[in-house]
Structures are given as structure tokens and as C-alpha cells.
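If you're wondering where the values come from, they're calculated on a predicted model, not measured in any experiment. Chain A is the first sequence line, chain B the second, and so forth, proteins listed ahead of strands; every chain is numbered from 1.
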Protein chains: 2
Amino acid sequence: MTTTADRAGSPSSTEGLRRRNTSIVLRSLRQLGPATRAELAKRTGLAKATVGVIVAGLEAVGAVSESESVVTGRGRPGTPVALSGERYLGLGLELNVDYVAVAVLDLAGEVRLSATRPVDSSGDVEALLALAAWARREVTGHGEVLVSGTVAVPGLVRGDNRTIDWAPNIGLSGDGLVADVERVLGCPVRVLNDANCAAYAEAHHGAATDTDHALYLTGTVGIGAGIVDGGELMRGAVGFAGEVGHMPIGDSTALCGCGRRGCWEASIGLHAVLAKVGLPELDTPLATATSVAAAAAFDARVAGALDTVGRDVGLGLAMLTSVLDPAVVVLGGYFVPLGELVLGPAREALDARLASPSQHRPELRLSTLGIEAAAIGAAEQSFSDVFSGALDLA
Amino acid sequence: MTTTADRAGSPSSTEGLRRRNTSIVLRSLRQLGPATRAELAKRTGLAKATVGVIVAGLEAVGAVSESESVVTGRGRPGTPVALSGERYLGLGLELNVDYVAVAVLDLAGEVRLSATRPVDSSGDVEALLALAAWARREVTGHGEVLVSGTVAVPGLVRGDNRTIDWAPNIGLSGDGLVADVERVLGCPVRVLNDANCAAYAEAHHGAATDTDHALYLTGTVGIGAGIVDGGELMRGAVGFAGEVGHMPIGDSTALCGCGRRGCWEASIGLHAVLAKVGLPELDTPLATATSVAAAAAFDARVAGALDTVGRDVGLGLAMLTSVLDPAVVVLGGYFVPLGELVLGPAREALDARLASPSQHRPELRLSTLGIEAAAIGAAEQSFSDVFSGALDLA
DNA sequence: GACTTTCGTTTGAGACTCGTACTTAATAGT
DNA sequence: ACTATTAAGTACGAGTCTCAAACGAAAGTC
């Protein structure tokens, strides 16, 4: 259990104590919504006086703002305090094979801007930087402060959240990307795995806001998963957790792009579906999936193929559920247009495999965030230092 | 993301701050071993003076003790401080189908006592209580303090660590067990899943002390896994994480005790092995496995069967590794006597399935703790409140 | 209009950490 | 043998923070 020095939380000084208590107040406001100071004191367990001091400090730096007093009943009415979207922004970027995306969130959790641009060459860093620069110009200029930026990439990122170890799809490695984006944004930047970002987005903004234990499964050509356990992302020893595309599931004879047979994504990846239904690939995975869904309405062969895919999805989810025990599973990527065509058979297969007593089936849902999920999750992650207490808002 | 109130760490007051810093010192002593006050200050980042105060407090309650000054080089020699095993004890119990076990650890991490008793009726609570009472008498009486107790059970335990939701093998539910054991031990008691306890034991005392990301796989008739991620146990939404025995892996025609076909434990569980090799089941799983291992030395059919089992183990581990990305996988239970007979083919199968670039294979190791792994892990868990700072010693 | 209830702030006390200065105890050098 | 040097541990004063209780403010209730 050799950990890097003594991490595990280091408040130490009284100043650290204040930072921590401040972050507790901030998290309470984010999770449970606006509240009066008295209400916050009850929620956090802090003394009324302490909450007063903390809120005053947060208000001074523009992190929270008071709204109008609301009369609740007897007694002096309280003045609710809410996270303010005026000043602090978090920026998320996604660098993917066929597109780049950006999203900007404010501290109140509102999406202030989001955009996607198709790119021709895979891993087009120039396009990403241009998009980042544009977004930055777009949202700043009236006193807004960019807290930090996060780039979501389809690949393996080291634990320092800076170094890309392996990202064959975009052909990048090292920490050059971080440096480039930092230069453009002028604030600290980190890099994270795209599926993890999307999972985080669904857990905080999307289809799984009501649970601490969510599994996000996304698919286009490849299949990836993001795991949220106890509200936090699970990374694994080297950041490889959730790389489920090459698990041996489904048709054991199906040839995968990795050269082996029987990989899950060879059964449920987009190319596998297209091969089964005999339809062509369109511009984007989403367009392709939409056309497949449309075809299924009148072509029984297509519907049947999707049924098979759904069963293989359910089979894999049974496996993942046995291991991870999530309360909610969110399907994203090209599964969204297919909707119930895949979800239905997946549920059936999952139920058949999960019949062990008392093991309840996790809820299967579709992503509500669409293609910008990863960018939104990245933006959300940009606030992680604020809410964890690691960063003191100036 | 509705969490139960605002948990996530609540030091709040200055007293909480001291508790937290105290726990940082304690963890440093546990993880990195004894050190002088100056060394501790460097390791923890606390001021020298603060460490002095904290150590004085810990020494006053008998949690740490000084050893002889060691001359290191120039300058005044320091007096190393180490966790003291004199005073505080943690007790772990295991209630299983065919045996009950107990282990007592002191704060220094030494196993002060461990014992196993076979039982006739499955889930023999009386035997467990008798063993607990005996162990308590055995280790206390000279000023020792039982910090808390932990019971490992083969089943599903609710997040309150008290209520058993589902444990068909021992036929218990509710929080009656906790109350009984608390009465006998006279200290707070919690209940945890046995595989989780064993995993925790291996991560802290056994074969995986060198990593924060370990997967523990144990098997007798059933197969279970414990997941340690970032040094902490992963529980899942309802405590079901790691229930991997019924994942569809291996021989898809094999009939499982649960009534379905294709479950992993129908391929690699003890009964499956016995059926393949045609050998009888002996008194205990370990004795049985030992006799199978002996038979494999001269019976090629047995060796071949074990090879098949090993491959199915490797196949499942490939799946788990893809999801969890552990640095170390520890095999326990009946796999220990079989040793390389299973480990070898498992490694091969795992390698074949993990060939994706840059994904390194986790190290496969055998449990070093034997049948008392779960009890030892339970005892270790009994100290969790001390090391987390939740409990202030005396 | 007096009373009650609740919100938020003020105030003084208490607890803790930190940096500096000081004491102690060893080695290194002459 | 004696001094200089190095490092460990302690004492002390300053600073920061939280907390409980008291207090003032703003509403409803009788």
C-alpha cells in the first residue's frame, strides 16, 4: 500500500480547515441547491456563525450571491444563497477522431456555451485549439474568470492528468497537448479519458444525477465505459479502468479491429451492426445510427439484427453489473438513436442473467447529453478543485 | 448525485482538525513504518512542533511508543516513534458455511491470535459467539483495549455495515448478528462481505501490500471477488460489487448451482473441478484441492482438467482486468493449493486476451494468508475508524 | 402594540497550527 | 581535548479558525 507520500487529504493548518469547510458549503449548494445561512448550518453541521463567515467570503469573491428573501412562515425570513454563475467558468474540450467539441459551464452548473466541429484528420489539435480560443473569447470579457480547463481524449491518460500514454485513435502522446491548451486558455489544464468525462457528465448533469453509482457505456466504432463509484470516477491502476471494448463477450467468432476474435465491440460496435444489417456508414456515427433505426421500422432483418446487438449489450452489462453493481447504467454514443430497439432486448438479456435473488437490475437509461457529453463532463471536472477544497477562489 | 447529507469528510472544528492530523501521522506510521518526529514532519508536511504535540498525545494514550535512539550520521540522533502493539486491539471474525474463524491484530499490525473452528451446521452463530468470547478472554486482561470488531460474512451487507440483506449460505439477515457479537465483545461491531475483507487483508498484510489497486479472487464452491481501488474497498450501489461467480464465462453449457448455465463458477468452482477430474470431495475445500494437486502430478487427465480451469480463470480475469485495471490480482481459497497448475494457464489466457498495446498484464499472485484471510482483513478493518480519524483513541 | 419565532451577526473564549528561537546531543575537525 | 557544525526536539508567541451564547432584526400572532 505504498502511496505517494501521505495524501488522503491534507488540511493541516487552520487555513486548510477553512478551505475544507468552505468546500463543504459549496458542495452543499451544488448538490442540494440554494439555501439560507441557517439552512446551510443545519445541512453541513457547521455553526451558524461559521457559515456566516464562509458565505461572506464566498460572496466577496463572487462565488455565491443572495437572492430575495423568501417568507417561509413564522419568524424572520432568511435570504437564500446560491452559487453564482456570474464570475467563475469551467471549460471542457473534447478531442476525438472525427470531431472536436467544447462546453463551458458556470459555477451554478449552467451550460453557457457548447459547440461541435467536424474535423477531417483524426486528432486535429489545431482545430481544437482554434475552438478553445474562440470559446474563451466568447465567454470571457466581463470579469469572468476561467478556473481551469479539461480536455477529454479517447485514450489512456496517466495519473498526473497531463500525460497521454496511449491514444492510437488520435495519434498523440506525452504532455504536449496540455501545454498547447494551457497556452491558449491561460489557465491550468488537465487531460482525462473521454468515457470518464462523459460518465461524470451523466452523473452530474445528465441521466444519472440521482445516484452515486453509475456506469456509462458509450459506443461508436469502439466501446468504452466510465465508472462512477461513490460519486467519483474510478481510474484503475494505470487509468485503464473501463476499457471494456475488448472483453470476450458476444459472438466469439466475430473479428475485431484489434486482430482478435470475440471482442465485445466486434459484436456491438457500429461496424458490427452495419455489417449485420447491410447498411452503409454515413458521415457521422449518429447519422448512421439514425438511419439504421429508421430502417428497422420496416425491415425485419434490420430489427432482428438490432435485437441480437441488444442481447449482446445486455450480456456484457450483466457482466459489468456483477462486477461493479451500479444503480444506473447510461447508454450513450450511437446507442442513443437506436433507443428501445437496443435497450429492450438488452434489458431482457440482463434480467435473464441477473436473476440471482435480491440482486436488482440497474436501471438502463439513454444519455440525455448527446455528443457533447464528454465536453460537458470535462467542463464539470474543471471545477473539481474548487469543490474539493484544493483551490481557493481568489 | 443525492448523497446522504453532506458527508465527504467533516472535520469542521479545530478539534476535528487535530483528529485529522493525528490520523495522518498514524497512517504514515502504518504505511511507511516507524520514524523520528523530524522524519514524520517531513513525511506529513506538518510542522515539527505540531508533530511533537500529536506524538505526545498518542504516546499518552499508549498508541505509539519510542524506541532507542538510532544514530544516523551527524547531528543529534532522533528517537524513532512506532505504533505500539501494547494497548489497542482489533478483532475480526468470519462466519462461513463450514467453519468460523477469528483473528486479533494489534495496532502495530501484528497478528496476536488467529484460529479456525470447523462447524457442522452452516452459519453456526453460537460457535462464532463462543469463539469470539474465547478470543476476547485470550487477548485482553492486561490493559488491552478492544477498539472494535468486524464480522465477515459470505453475503450482501447494506451500506450501514450492520444489516445483512442477503446471505443464503448462512441463512441470516437483519442486524441480529451485530447485536449478538456486540454483546459478547463489548465494543462496536460491524459486518462486511467476506471477499471484501479478504481483499483488504491481502492489500494490507498479504500478497498485495505494494499496490493501491488490487483484485482478490477467492473460490471454493462459489467464486467471489474483492476490489481494492485507491487503497479502499469498492462496494457498489448496494454492496454487490465483486459478485462475479455468476458472470457468463467459460463453458457455456455448464450447469450452475443457481439453475442457469454458463456461470463462471460452474467452470472454475470446486465442484466443477471435481466433476472434471473425477475425484471426491474431502472434509474441507483446501484438503480437497490439495489432493487434486497431488493427483495432477501423475495423472495427465487431472492436469489437463486443471489446465482448462486455469484458462477459464484467465479468461474471466481478462474481463475483470479490462473493467477494473488492477495492478495485482491475488488468488485465494482453493486456488492456493493448486498454485501454478492453475496460475500458469491463467497467465497464458490472460496474456492472449490482453495483448492490446500498452495494457500491461496485472501480476498474478497466490494468497499468502490462507483460510484466515477474511478474519485478518476484518480485524484490520476494525482499525479503520482509528486510521481515518473518525475515532479518537481514549 | 406586545409577544413569539426565526434569521443573521457580534463577541469573547477556546483550540490548534506555525515559525522562530532555544536547548540538547551527537559527529567532524583541528 | 576542545570547538564548530549539524540535526532533533521543545517552548513560546502570534495568527487563524470554529463555536456557543448573547444580541439585534424582521417577520407573523394574539
Side-chain angles (χ1 to χ4, degrees), chain A residues 6 9-26 28-29 34-60 64-82 389 392, chain B residues 6 9-26 28-29 34-61 64-82 389 392-393:
Chain A
D6 286 68
S10 48
S12 308
S13 75
T14 53
E15 186 218 328
L17 178 58
R18 199 179 80 99
R19 276 230 301 273
R20 172 168 292 264
N21 284 340
T22 302
S23 81
I24 289 175
V25 171
L26 284 172
S28 180
L29 287 173
T36 66
R37 292 167 177 79
E39 173 76 21
L40 278 173
K42 270 189 213 133
R43 299 209 301 217
T44 61
L46 296 167
K48 259 197 312 178
T50 308
V51 173
V53 173
I54 288 175
V55 168
L58 287 172
E59 202 175 4
V64 304
S65 56
E66 291 187 342
S67 46
E68 267 316 290
S69 300
V70 175
V71 183
T72 50
R74 279 222 285 267
R76 171 178 168 179
T79 52
V81 173
D392 211 355
Chain B
D6 285 67
S10 47
S12 307
S13 75
T14 54
E15 186 218 329
L17 177 58
R18 197 179 82 100
R19 275 230 301 273
R20 172 168 292 263
N21 284 340
T22 302
S23 81
I24 290 175
V25 170
L26 284 172
S28 180
L29 287 173
T36 65
R37 293 166 176 79
E39 173 75 22
L40 278 174
K42 271 189 211 130
R43 297 207 306 215
T44 61
L46 296 167
K48 258 198 312 178
T50 308
V51 172
V53 174
I54 288 174
V55 167
L58 287 172
E59 203 175 2
V61 299
V64 304
S65 57
E66 291 187 342
S67 45
E68 268 316 290
S69 302
V70 176
V71 184
T72 50
R74 281 223 282 268
R76 171 178 169 179
T79 51
V81 174
D392 211 356
L393 292 174

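- Not counting sequence neighbours, the partners of B/Ser23 by the side-chain contact (heavy atoms from CB on, under 4.5 Å) test are B/Arg27.
- A pairwise comparison of heavy atoms in B/Ser13 and A/Leu17 identifies O-CD2, 3.8 Å as the closest pair.
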Task: B/Ile54/B/Leu46 under side-chain contact (heavy atoms from CB on, under 4.5 Å): CA gap, chis, key distance, verdict - done: CA-CA 10 Å; B/Ile54 288 174; B/Leu46 296 167; 4.2 Å; yes
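- Looking at A/Arg20, its side chain never comes within 3.5 Å of a backbone N or O of A/Gly389 through a donor-acceptor pair.
- We find that CD of B/Glu15 is positioned 15 Å from C1' of D/dA20, with the value rounded to whole Å.
- Checked against side-chain hydrogen bond (donor to acceptor under 3.5 Å, both in side chains), B/Glu66 has the following partners two or more places apart in sequence or in another chain: B/Arg37.
- Between the P atom of D/dA25 and the NZ atom of A/Lys48 lies a distance of 15 Å, rounded to the nearest Å.
- In this model, the phosphate group of D/dC17 is not approached by any side-chain N or O of A/Arg19 to a distance below 4.0 Å at OP1 or OP2.
- Residue B/Ala49 is in base contact, counting any heavy-atom pair closer than 4.0 Å across all strands shown.
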Task: Residues A/Leu40, A/Val25; criterion side-chain contact (heavy atoms from CB on, under 4.5 Å); working and verdict - done: CA-CA 7 Å; A/Leu40 278 173; A/Val25 171; 4.1 Å; yes
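- Nucleotide C/dG8 holds its P atom 10 Å from the CD atom of A/Glu39, rounded to whole Å.
- Rounded to an integer number of Å, the gap from CD1 of A/Ile54 to P of D/dT16 is 16 Å.
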TODO: Scan nucleotides 23-30 of chain C nucleotide by nucleotide, 5' to 3', and note B when protein non-hydrogen atoms come under 4.0 Å of the base, S if they reach only the sugar-phosphate, - if neither.
DONE: -BBBSS--
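- Here C/dC16 presents its C1' atom at 16 Å from CZ of A/Arg20, a figure rounded to the nearest Å.
- B/Ser13 has no side-chain polar atom (N or O) that falls below the 4.0 Å cut-off from OP1 or OP2 of D/dC19.
- Residue A/Thr14 places none of its side-chain N or O atoms closer than 4.0 Å to OP1 or OP2 of C/dA15.
- Residues A/Arg19 and A/Thr14 are not in side-chain contact: their nearest non-hydrogen atoms beyond the backbone lie 4.5 Å or more apart.
- Counting to the nearest Å, the C1' atom of C/dG8 and the CZ atom of A/Arg37 are 7 Å from each other.
- Nearer the 5' end of DNA chain C, as judged by each residue's closest nucleotide, is the contact made by A/Thr36, out of B/Ala47 and A/Thr36.
- Put simply, CZ on B/Arg18 is 17 Å from P on C/dG14, counting in whole angstrom units.
- Residue A/Asn21 has a polar side-chain atom (N or O) positioned under 4.0 Å from OP1 or OP2 of D/dT18.
- Computed from coordinates, the A/Leu40 CG to D/dT18 C1' distance equals 16 Å when rounded to whole Å.
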